[in-house]
Amino acid sequence: MATVIEIVVQNNLCIGCGLCAALCPQHVLSMQWNRYGELNPVEITPCTTECGLCLKICPFADHEENEDTIGRELYGNVPGIQHRSETGYYLATYVGYSERHRQTSASGGMATWLLEALLTQDVVDHVICVAPTGDPEKLFAFRVFDTSEDVRTGAGSAYYPVEMSEVIRHVLDVPGRYAITGLPCFLKAVRLAQRRNRKLRERIVVTVGLTCGQLKSTHFTDYVAALAGVQGEVTAVRYRGKSPDHPASNYHYAFTTAGGGERKIFWNEGIAEAWTNRWFTPNACNYCDDVFAECADVTCMDAWLPEYSKDSRGTSLVLVRSPAVREVLERGQGICLDPIAVEQVVQSQVGVVAIKREQLAYRLYLDHGAKMPKKRVAAERSKNPFLRQEVDLKESMRALSRKLWKAEERDGERLREVMGPDLRRLAVGKRISKIITFPIRTLRYIQRKA
Ligand SMILES: Cc1cc2nc3c(=O)[nH]c(=O)nc-3n(C[C@H](O)[C@H](O)[C@H](O)COP(=O)(O)OP(=O)(O)OC[C@H]3O[C@@H](n4cnc5c(N)ncnc54)[C@H](O)[C@@H]3O)c2cc1C
């Protein structure tokens, strides 16, 4: 039987979650950096049993199970549960923040508040989340924490590769009740693993998902550091710095170097260009159709809605699937949390939904015949020439950034120069598309107001 290395890693579809390395019964897999600044499993000794477990739990391998089937089994029978194709199952949706956490958190601090509440209300004994390490070779890692103070050190978003092999081995070794945070594909891997491993099923009792548009390689951080003028080795990054004179949407990255110096760069000073054009995005993200972490008990995200994104302090949206987590939220102390319509939640991620639905359909059409995982979206050639152009150009830039970035040279300006022609064509296409669609958009606006 083939292994995850041949089917997933060699087809450039690995996201680096590390579940295969954690569960391999022969312990032949180890998570290591590849030359593109991504994490992949590597076979350290030859696999002899070929049990296929690594493939059965890989979120980007082909199996019968997907976010619909996993979600249905977990939440399909929950009283009052509802379902939408964009979000998967949902029991309730909220908007709010934790006053105590929002300054140091990515959005409104609801994820950290919830993780702490799960500990203090004795729902779990341990929290697994991501925290800075201080190690320039691996700036962030999944950690197991037992106190609120420690959990708080993980607040914020890590737009950086992290893998779960060590923490999952810890769960297998140390009994207890665990909560774990994760991106949609990581939690899909956890759910697939739980189906095949009793200890994981019994011990991981709460999963906290983060809505996700894409992951980034370490080269993304290198590139933004270069743009910010960072000299020397980066020992820490804060990706979601907040300033009272900027809206939440124009957050900054703050880099700390070995000498103790700090450099800041704002979203609109070059981060947005690299982020939205998918520079340094792993190929696996091109094949993701899960926006809202559909396998998670609860999903936290940014309130990217006009009424909230201007508030520099940040606001969270929370989509709950588990009644137990809803109870914790409803009992919430020290938080300001209001119900919000699920349509608003979907609207807050409208760009990501387009990438993981319409754009994915076109990407799958382009890959016709290639070995790609089965998706819930059918391959289709979009009728919209602007969408086709956007997907083509962004894929060209994504591939170029991956191929050309040399961490040792750190030449950010050179990379931007190379991207110049694609960026200009994309800008022209967007302008023409805006002009052509202006009457339709105006009509829709009038209809909404009427
Ligand atoms: C790669 C990535 C892409 C994202 N894309 C989107 C998006 O398109 N739209 C959107 O609305 N939100 C997105 N998010 C989520 C967003 O950045 C916030 O994490 C979310 O809004 C929660 O904010 P908070 O203030 O409630 O959480 P916080 O209080 O800041 O807590 C966040 C928790 O998540 C953990 N965490 C941080 N990074 C990771 C990681 N990489 N893997 C696992 N756990 C982690 C932290 O340890 C912490 O416990 C993304 C996050 C990541 C990491």
Side-chain angles (χ1 to χ4, degrees), residues 15-18 39 94-98 100-119 127-133 139-145 148 150-164 167 179-187 189-190 207-217 220-221 237-242 248-249 251 267 275-276 278 280-282 285 288 290-293 296 298-305 308-309 313-319 329 335 337 345-356:
I15 196 62
C17 68
L39 285 163
Y94 302 95
V95 58
Y97 55 84
S98 157
R100 182 166 186 199
H101 297 92
R102 75 199 296 206
Q103 190 51 36
T104 47
S105 283
S107 316
M110 282 309 301
T112 304
W113 177 89
L114 176 63
L115 294 170
E116 286 186 33
L118 292 170
L119 272 179
V127 162
I128 300 175
C129 63
V130 170
T133 61
L139 291 170
F140 292 87
F142 272 97
R143 300 277 308 275
V144 183
F145 292 132
S148 292
D150 286 344
V151 168
R152 230 167 289 150
T153 64
S157 288
Y159 302 134
Y160 189 90
V162 280
E163 56 90 10
M164 300 185 285
V167 293
I180 187 166
T181 62
L183 299 175
C185 51
F186 281 54
L187 293 184
V190 167
T207 50
V208 179
L210 304 175
T211 287
C212 180
Q214 57 191 304
L215 190 47
K216 294 290 186 190
S217 70
F220 169 72
T221 297
V237 194
R238 190 159 172 230
Y239 292 100
R240 297 292 298 258
K242 298 176 183 185
S249 49
Y251 51 83
W267 172 254
W275 185 277
T276 57
R278 298 176 78 77
F280 309 106
T281 300
C285 297
C288 173
D290 184 356
V291 179
F292 293 94
V298 53
T299 302
C300 297
M301 70 205 89
D302 285 287
W304 293 140
L305 294 164
Y308 302 108
S309 55
R313 295 168 299 175
T315 310
S316 299
L317 295 176
V318 183
L319 182 151
L329 287 165
I335 52 173
L337 204 61
V345 175
V346 174
Q347 183 60 31
S348 77
Q349 307 298 326
V350 72
V352 181
V353 173
I355 290 170
K356 296 194 180 191

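Both counts, for ligands and for their atoms, begin at 1 and track the order of listing.
Distances between N or O atoms of G156 and those of ligand 1 include at least one value under 3.5 Å. Among the atoms of W275, none of the N or O lies under 3.5 angstrom from an N or O of ligand 1. Any N or O atom pair closer than 3.5 Å counts here, and A155 shares no such pair with ligand 1. Looking at L183 next to ligand 1, no N or O pair under 3.5 Å apart turns up. No N or O atom of C129 sits closer than 3.5 Å to an N or O atom of ligand 1. Of the polar atoms of V130, at least one N or O is found under 3.5 Å from an N or O of ligand 1, judged by distance alone.
Of the possible donor and acceptor atoms, none in the side chain of Y160 sits under 3.5 Å from a partner among the backbone N and O of T221. When atom types are taken as modelled, the side chain of R240 and the backbone of G156 share no donor-acceptor pair closer than 3.5 angstrom. Under a 3.5 Å cut-off, the side chain of K242 and the backbone N or O of S107 do form a donor-acceptor pair.
Of the protein's heavy atoms, A111 CB, 3.3 Å lies nearest to atom 27 (O) of ligand 1. Atom 6 (C) of ligand 1 has its closest protein heavy atom at T211 O, 3.1 Å. Nearest protein heavy-atom neighbour of atom 35 (C) of ligand 1: T181 OG1, 3.8 Å. Scanning the protein heavy atoms around atom 3 (C) of ligand 1, the nearest turns out to be Q214 O, 3.5 Å. Scanning the protein for heavy atoms near atom 9 (N) of ligand 1, the closest one is Q349 OE1, 2.8 Å. Among all non-hydrogen protein atoms, the one lying nearest atom 48 (C) of ligand 1 is G154 O, 3.3 Å. For atom 52 (C) of ligand 1, the nearest protein heavy atom (residue, atom name, distance) is Y159 CE2, 3.5 Å. Atom 34 (O) of ligand 1 has as its closest protein heavy atom L210 CD1, 3.8 Å.
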- Query: After noting the C-alpha distance and the side-chain angles of F145 and T153, does the key distance pass the side-chain contact (heavy atoms from CB on, under 4.5 Å) rule?
  - Reply: CA-CA 10 Å; F145 292 132; T153 64; 3.7 Å; yes

- Message: Let's go through T181 and F142 carefully: what are the C-alpha distance in whole Å and the side-chain angles of both, what is the deciding distance for side-chain contact (heavy atoms from CB on, under 4.5 Å) to 0.1 Å, and is it a yes or a no?
- Response: CA-CA 9 Å; T181 62; F142 272 97; 4.1 Å; yes

- Do E116 and L119 pass the side-chain contact (heavy atoms from CB on, under 4.5 Å) test, and can you show the C-alpha distance, the side-chain angles, and the key distance before you say yes or no? CA-CA 5 Å; E116 286 186 33; L119 272 179; 5.7 Å; no

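Counting heavy atoms from C-beta outward, Q214 and I355 have side chains that stay 4.5 Å or more apart. Looking only at side-chain heavy atoms (C-beta outward), L187 and I180 come within less than 4.5 Å of each other.
Taking every non-hydrogen atom of L115 and a distance limit under 4.0 Å, the qualifying atoms of ligand 1 come out as 49 (O). Shown in contact with S157 at under 4.0 Å from a heavy atom are these atoms of ligand 1, numbered in order with element: 16 (C), 17 (O), 18 (C), 19 (O), 37 (C), 38 (N). Atoms of ligand 1 lying under 4.0 Å from at least one heavy atom of T112, given by number and element, are 28 (P), 29 (O), 31 (O). Near G213, meaning under 4.0 Å from any of its heavy atoms, are these atoms of ligand 1: 5 (N), 6 (C), 7 (C), 8 (O). Which parts of ligand 1 touch G108 is read off a 4.0 Å heavy-atom cut-off, strictly below it: atoms 25 (O). Each of the following atoms of ligand 1 lies closer than 4.0 Å to a heavy atom of S316: 26 (O). Residue-ligand proximity, C212 to ligand 1, at heavy-atom distances under 4.0 Å covers atoms 3 (C), 4 (C), 5 (N), 6 (C), 8 (O). Contact atoms of ligand 1 toward V352: 8 (O) (distance under 4.0 Å to a heavy atom of the residue).
Atom CZ of R278 and atom NZ of K216 lie 7.0 Å apart (nearest 0.5 Å). Here the CG atom belonging to L183 is positioned 6.0 Å from the SG atom belonging to C185, to the nearest 0.5 angstrom. Between L114 atom CG and H101 atom NE2 the span is 10.5 Å, to the nearest 0.5 Å. In this structure, the separation between CZ on R152 and SG on C129 is 12.0 Å, given to the nearest 0.5 Å.
Using a non-hydrogen distance threshold of 4.0 Å, F140 does not register as a contact of ligand 1. Residue G109 places a heavy atom less than 4.0 Å from ligand 1. The shell of residues lying under 4.0 angstrom from ligand 1, judged by heavy atoms, excludes K216. Ligand 1 has R240 within reach: a non-hydrogen atom of the residue lies less than 4.0 Å from it.
Atom CZ of R143 has 12 or fewer neighbouring heavy atoms from other residues, nucleotides or ligands inside a 6.0 Å radius.
Remark: Y239 engages F140, Y159, Y253 in a ring-ring contact (aromatic ring centres under 6.0 Å, His included) (not counting sequence neighbours).
Using modelled atom types, one finds no donor on one side chain facing an acceptor on the other under 3.5 Å when comparing Q349 with T211.
Ranked by closest heavy atom to atom 22 (C) of ligand 1, the top entry among S107, P184, A158 is S107.
Residues W113 and Y97 place their aromatic rings such that the two centres sit no closer than 6.0 Å.
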